[in-house]
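Reviewing the structure listed below.
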Amino acid sequence: MAAASLGSDRQKNWQKWQICEANYFTGEDALIHHQRATALAHLKAARDGCSKGDTDYAAAPAELKRLGASAAPTK
């Protein structure tokens, strides 16, 4: 049972990381294409959904601050 739980935890962490990355880079892409509202939504999702050890956890709030939006998490 413990091995199955460990595998499940790894899968959940992997999925969380993928969602974090997708939100951050989708936000960055939206900025490049001048889609501010979309960028803000994805960067906020990255800020709120990334693990604290992830690079995107630090990058998303920095981008939000640069755009004049709140960098504080909404959790």
Side-chain angles (χ1 to χ4, degrees):
M1 281 284 218
S5 176
L6 179 60
S8 177
D9 288 346
R10 283 186 185 168
Q11 183 66 24
K12 287 178 186 174
N13 288 339
W14 177 251
Q15 288 173 343
K16 183 177 180 177
W17 177 79
Q18 286 181 313
I19 292 168
C20 167
E21 291 285 303
N23 278 318
Y24 178 75
F25 286 107
T26 301
E28 289 294 303
D29 184 67
L31 282 177
I32 291 168
H33 293 93
H34 308 287
Q35 299 169 343
R36 182 175 164 71
T38 300
L40 288 172
H42 283 282
L43 291 169
K44 287 177 181 178
R47 173 200 63 197
D48 295 341
C50 293
S51 298
K52 289 186 179 183
D54 196 316
T55 304
D56 300 327
Y57 178 81
E63 283 286 27
L64 289 167
K65 185 176 179 181
R66 187 180 68 79
L67 294 168
S70 174
T74 57
K75 288 184 181 178

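Just the heavy atoms: all of them, side chains too, but no hydrogens, waters or symmetry mates, feed the values below.
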Taking atom OH of Y57 and atom CG of D48, what is their separation to the nearest 0.5 Å?
9.0 Å
State whether the side chain of D29 and the backbone N or O of F25 hold a donor-acceptor pair below 3.5 Å, judged by distance alone.
no
Side chains of C20 and K16: closer than 4.5 Å at any heavy-atom pair?
no
Are the side chains of L31 and R66 in touch, meaning some heavy atoms are under 4.5 Å apart?
yes
Considering all heavy atoms of both residues, which atom of A46 and which atom of Y24 are nearest to each other, and what is their separation?
CB-N, 3.8 Å
Closest heavy-atom pair and its distance - R36, L67
NH2-O, 2.9 Å
Counting C-beta onward and ignoring hydrogens, is there a side-chain heavy-atom pair between K44 and N23 closer than 4.5 Å?
no
Enter the distance from L40:CG to R47:CZ here, rounded to the nearest 0.5 Å.
10.0 Å
